[in-house]
Amino acid sequence: MFNRLIDILKANPRKIVFTEGHDARILEAASRLKADGFLTPILIGNVETVKNNAADGGFDIEGLEILDPATYEGMDAMVEKMVELRKGKMTAEQCRELLAKGNYFGTMLVKMGYADSLLGGATYSTADTVRPALQLVKTKPGSHLVSSCFIMVRGEEMICMGDCAINLSYEDSLDKDGNVTISGADKLAEVAVDVARCAQLFGMDPKVAMLSFSTKGSGKGGTVALSQAATQKAKELAPDLAIDGEMQFDAAVSPVVGQLKFPGSPVAGYANTFIFPCIEAGNIGYKIAQRLGGFEAYGPILLGLNAPINDLSRGCNADEVYKMAIITAAQA
């Protein structure tokens with residue numbers, strides 16, 4: 001999996017911003033990336049602190065760019081651009097205060113084209129990584145929401161699961177007059193397509209199961225109608241993808257059960273990409289696969305943004321930082 005992504009990066013040199021350049025895990029990963037030579041890290045933080053921490057850990061970051069918001073020469077231009085992006089919601093003083101923080105400063109480096117991607121969250125919360133991305137980088141054209149997926153790997157086996165980290169549920173969005181501007185089914189369908197496209201980046205041929213506690217109308221209530229409607233909308237959004245539902249997990253993965261409950265489905269029994277109808281199901285599902293199924297979980301990989309920005313777990317180790325950096329930059 002990673003050889004494929006590294007080949008992408010070797011063919012397309014890219015820069016990635018680390019918002020927590022002082023952190024030993026970030027420094028170890030950056031040192032490793034420097035040695036490998038296929039991706040250029042940019043470290044955010046006080047230059048002296050970053051260098052001292054690297055020396056203490058024995059990490060070679062010689063020659064890597066370290067940017068300190070407190071001394072950054074382009075700060076005035078960055079503040080001006082952020083005021084413009086916030087469209088009157090923030091004053092210059094408020095923007096300057098936020099840009100003193102690595103998460104906002106790093107996001108603006110991406111927005112202004114200085115870097116191609118960003119990885120944060122070793123010490124920041126998910127919200128602190130996603131919020132600046134939504135405010136400044138924003139969603140890509142045609143996208144209505146940010147979602148996420150996990151790539152799950154066990155030996156040579158690879159599956160994809162989403163959304164397990166961002167969207168609590170899928171409700172209709174209404175205008176001030178109460179009219180539906182985008183339905184919950186539209187949102188879930190968009191997530192399904194984005195997750196499938198991410199699976200393709202990893203070399204998968206996605207077979208997308210829209211999961212439920214019901215298969216082909218066997219159950220009623222809950223999120224069944226949402227999954228049914230989202231399946232049809234996803235098929236319309238991406239007719240080139242194999243998408244089917246709604247279906248239970250056993251119907252999605254067991255050929256015998258799948259073709260019994262959902263005869264003729266191109267997905268039932270053979271799914272490798274799983275779309276959950278709410279975050280409770282998704283988060284529980286990927287953790288079961290990780291802890292009981294022996295899968296390694298890579299993510300959450302954020303989808304729908306105008307540039308690749310991803311979030312680390314605060315419990316991550318240096319190897320996870322290294323691998324997520326490769327995944328993030330390859331999305332550019």
Side-chain angles (χ1 to χ4, degrees), residues 1 147-164 167 169-170 183-299 303:
M1 179 180 77
S147 60
S148 73
C149 71
F150 281 85
I151 299 294
M152 312 292 293
V153 181
R154 184 175 61 187
E156 297 299 313
E157 186 179 2
M158 192 185 310
I159 60 176
C160 190
M161 294 182 164
D163 176 3
C164 308
N167 293 289
S169 60
Y170 301 93
S183 70
D186 285 318
K187 295 175 184 178
L188 184 56
E190 189 175 303
V191 170
V193 173
D194 281 349
V195 170
R197 297 300 185 205
C198 186
Q200 288 177 323
L201 174 67
F202 286 84
M204 294 175 60
D205 177 18
K207 292 179 174 54
V208 184
M210 306 294 286
L211 295 178
S212 177
F213 63 87
S214 164
T215 300
K216 204 178 179 183
S218 65
K220 305 294 181 186
T223 58
V224 172
L226 169 70
S227 294
Q228 290 171 341
T231 299
Q232 296 308 310
K233 290 178 179 293
K235 289 180 177 181
E236 293 166 10
L237 279 175
D240 61 304
L241 294 174
I243 302 173
D244 220 343
E246 90 291 4
M247 66 181 74
Q248 293 157 287
F249 191 80
D250 58 349
V253 299
S254 167
V256 173
V257 176
Q259 292 306 308
L260 176 67
K261 290 186 173 183
F262 209 141
S265 168
V267 173
Y270 307 99
N272 58 12
T273 302
F274 305 96
I275 307 302
F276 296 91
C278 63
I279 198 170
E280 286 96 339
N283 194 267
I284 292 167
Y286 100 82
K287 288 183 183 291
I288 289 174
Q290 181 184 30
R291 300 298 177 178
L292 298 183
F295 281 86
E296 290 183 76
Y298 297 100
L303 308 171

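Keep in mind it's a predicted model, so treat the numbers as computed, not measured.
- Between the T231 side chain and the S227 main chain, a donor and an acceptor come within less than 3.5 Å of each other.
- In terms of heavy atoms, P277 sits closest to Y170 at O-CD1, 3.4 Å.
- Here the straight-line distance linking atom CZ of F262 with atom CE of M247 works out to 5.0 Å at 0.5 Å rounding.
- Side-chain atoms of S214 come within 3.5 Å of backbone N or O of S218 as a donor-acceptor pair.
- The two residues A196 and V208 make their nearest non-hydrogen contact at CB-CG2, 3.8 Å.
- Two residues are said to be in side-chain contact when any heavy atoms from C-beta on lie closer than 4.5 Å; N272 and M158 fail this criterion.
- Taking all atoms of both residues into account, the shortest heavy-atom contact from R154 to G294 is CG-O, 3.8 Å.
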Item to check | From CA spacing to verdict: salt bridge (Lys or Arg N to Asp or Glu O under 4.0 Å), K216, D244 | outcome: CA-CA 10 Å; K216 204 178 179 183; D244 220 343; over 6 Å; no

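- Without hydrogens or angle criteria, Q259 side chain to S265 main chain gives a donor-acceptor distance under 3.5 Å.
- For the residue pair D240 and R197, the shortest heavy atom distance occurs at OD2-NH1, 2.9 Å.
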Checklist entry - Between D250 and K261, does a side chain to side chain contact (heavy atoms under 4.5 Å, CB included) hold up when you go through it step by step? => result CA-CA 10 Å; D250 58 349; K261 290 186 173 183; 3.3 Å; yes

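- At least one side-chain heavy atom of T273 sits under 4.5 Å from a side-chain heavy atom of M204.
- Taking every heavy atom of both residues into account, C198 and L303 meet most closely at CB-CD2, 3.8 Å.
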Next on the checklist: Applying side chain to side chain contact (heavy atoms under 4.5 Å, CB included) to F213 and V224, what does each step give before you reach the verdict?
Outcome noted: CA-CA 7 Å; F213 63 87; V224 172; 3.5 Å; yes

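- Under a 3.5 Å cut-off, the side chain of S169 and the backbone N or O of C278 do not form any donor-acceptor pair.
- Without hydrogens or angle criteria, S183 side chain to D186 main chain gives a donor-acceptor distance under 3.5 Å.
- Atoms CZ and CZ, on F150 and F295 in that order, are 14.5 Å from each other to the nearest 0.5 Å.
- Residues F274 and F249 place their aromatic rings such that the two centres sit under 6.0 Å apart.
- Distance check, rounded to the nearest 0.5 Å: OH of Y286 to OG of S148 gives 9.0 Å.
- Summarising the geometry, atom CG belonging to L188 is positioned 9.5 Å from atom OG belonging to S147; distances are rounded to the nearest 0.5 Å.
- To the nearest 0.5 Å, atom CD1 of residue I243 and atom NZ of residue K235 are 8.0 Å apart.
- Taken from CD in Q200 to CG in D205, the straight-line distance is 7.5 Å, to the nearest 0.5 Å.
- Taking all atoms of both residues into account, the shortest heavy-atom contact from Q228 to G217 is NE2-CA, 3.7 Å.
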